[in-house]
Amino acid sequence: MFERLDRLNEDPILGLMARYRADPAPDKVDLGVGVYRNLDGETPVLAAVRSAEASVIGAQTTKSYVAPAGRAEFNAAVADLVLGPAHAALRERRARTVQAPGGCGALRLGAELIRASAPTAVVHVSDPSWANHIPLLGGCGLQLARYPYYDAAAHALRFESMLECLERAPAGDVVLIHACCHNPTGADLSGPQWTALIDLLERRRLTPFLDLAYQGLGTGLDADAEGVRRVAERIPELLVAVSFSKNLGLYRERAGALIAVCADVDRADAVHSHLLQIARSIYSMPPDHGAAIAARVLADPLLRESWIAELGEMRGRLVGMRALLAGRLRAATGGGDFDFLTGQSGMFSLLGVSGAAVAALRDEHHIYMTADSRMNVAGILPGNAQHVADSVAAILRRGI
Ligand code: LMR
């Protein structure tokens, strides 16, 4: 049976992670996979997580099943965190949240729900977007299309082209939107741009599917959810995929959730029943440990305060490293314009160089970034910024 299967190419992000690990060079720099790194270059367990984890394990009396929807208190806390506790969708009981195996699990749950209710709907994905959006959403059979989002060479949003493209999408189609810290560009919509997009979604009767994987790593916990909240004020039906991989550092625990906001309570109950059945048919129930930790951090005022403070430090480090890298690149290139780095937010920015330049940075300078020249700025440290800047400048001088 398996003789029909040819060997596939490596995943573009996870394959790069493996290549970086295998590189023995002492001065190698990992700007690849999207994990946060502190000033020591480590991806630490957050203090609030460490403390919550100890109390979760201490209080655990059983390993029995939870439920396909996961933990009720986790789901309630996630809905509050994302939508804000006073949001009309929560007050009117029109939102249903289901715990999922990470943000990826939430995206796939959402895709399966779309396929169940609107199998011919096309999902419009930004160009560029996170590489794994395509298999996660398209893998269940949905048709995908791309809308222009960002010009990597000009380091600028293509907002007018985005609107023009979505204006032509038929009613009932779905638009995948990065809620904050766009991956891979770091270029987010401004307040007025969100307004224009929401106007279009409403007028064209398009369903938004928001991916919120970096809440708190852009501008702040509430500010990063502002786009989602504004969409949910105006559009009756939407989906939000939530991840705690980055903002709680729970990567390997796979803690995420899907929020479905519906037009009314009955529709919300129907959607919920489908989500439970989809979860049951794919993985039965989500893993509990990460969600138990997240629920504890969100519920305990002291742990929550500690988390918010640490998240603020993480965000500050990203902002600081953006400024450091932009300055070093400017100096190393003799005045090149790298201001885009400081104007963007979250972990990622596109350097805007060719695939050949990315390969030369990796093979000759041991600097790892994805083929589209996405850099994870959390990989920049005071000790490696000069090496990165000098290497990029050397590659740019070669004009490849
Ligand atoms: C990334 O974009 O690098 C992260 O979200 C990790 C992943 O799973 O791709």
Side-chain angles (χ1 to χ4, degrees), residues 8-21 28-38 41-44 46 100-111 125-139 149-150 152 176-188 209-218 224 240-258 283 286-287 290 294 311 314-315 317-318 321-322 344-351 358 361-362 367-380:
L8 297 176
N9 292 331
E10 288 175 320
D11 177 273
I13 296 175
L14 304 185
L16 187 72
M17 192 166 100
R19 279 181 89 160
Y20 172 81
R21 283 182 179 158
K28 63 183 177 177
V29 180
D30 184 7
L31 307 181
V33 67
V35 297
Y36 175 79
R37 293 183 193 284
N38 64 17
E42 283 157 6
T43 304
L46 272 58
C104 288
L107 285 160
R108 187 51 170 259
L109 262 184
V125 180
S126 69
D127 179 18
S129 197
W130 177 45
N132 208 27
H133 275 146
I134 305 304
L136 277 173
L137 301 172
Y149 186 77
Y150 184 79
L176 184 78
I177 304 165
H178 297 234
C180 68
C181 306
H182 186 275
N183 180 0
T185 70
D188 290 333
F209 189 170
L210 293 124
D211 186 359
L212 182 60
Y214 295 86
Q215 186 180 3
L217 285 163
D224 291 344
V240 191
V242 184
S243 169
F244 290 100
S245 293
K246 327 284 172 161
N247 59 8
L248 270 169
L250 285 170
Y251 309 91
R252 64 177 63 172
E253 305 295 357
R254 313 312 297 140
L258 181 74
Y283 52 80
L311 195 54
M314 292 159 73
R315 195 166 57 237
R317 205 185 96 65
L318 296 178
M321 291 306 107
R322 284 179 174 279
Q344 296 172 346
S345 68
M347 283 190 190
F348 307 116
S349 279
L350 289 176
L351 185 55
V358 169
L361 282 166
R362 184 189 62 230
I367 296 169
Y368 288 73
M369 61 184 76
T370 52
D372 55 359
S373 78
R374 186 191 78 168
M375 298 181 296
N376 173 12
V377 296
I380 299 292

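Read the numbers this way: they start at 1 and go in the same order the structure lists the ligands and their atoms.
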Verdict with reasoning, L318 to M347, per side chain to side chain contact (heavy atoms under 4.5 Å, CB included): CA-CA 7 Å; L318 296 178; M347 283 190 190; 4.2 Å; yes
For each nitrogen or oxygen atom of ligand 1, which protein N/O atoms lie closer than 3.5 Å, and how far apart are they, rounded to 0.1 Å?
from     : atom 1 : to   : atom 2 : distance (Å)
ligand 1 : 2 (O)  : W130 : NE1    : 3.0
ligand 1 : 2 (O)  : N183 : ND2    : 3.0
ligand 1 : 2 (O)  : R374 : NH1    : 2.8
ligand 1 : 3 (O)  : G34  : N      : 2.7
ligand 1 : 3 (O)  : R374 : NH2    : 2.8
ligand 1 : 5 (O)  : K246 : NZ     : 2.9
ligand 1 : 9 (O)  : W130 : NE1    : 3.0

Aromatic ring proximity Y150/H182, centre distance under 6.0 Å: no
ring-ring contact (aromatic ring centres under 6.0 Å, His included) involving F348 - partner list, sequence neighbours excluded: Y214
Residues R374, N183; criterion side chain to side chain donor-acceptor pair (under 3.5 Å); working and verdict: CA-CA 9 Å; R374 186 191 78 168; N183 180 0; 2.8 Å; yes
Set of residues satisfying side chain to side chain contact (heavy atoms under 4.5 Å, CB included) with respect to A213, sequence neighbours excluded: D211, S243
Set of ring-ring contact (aromatic ring centres under 6.0 Å, His included) partners for Y20, sequence neighbours left out: Y368
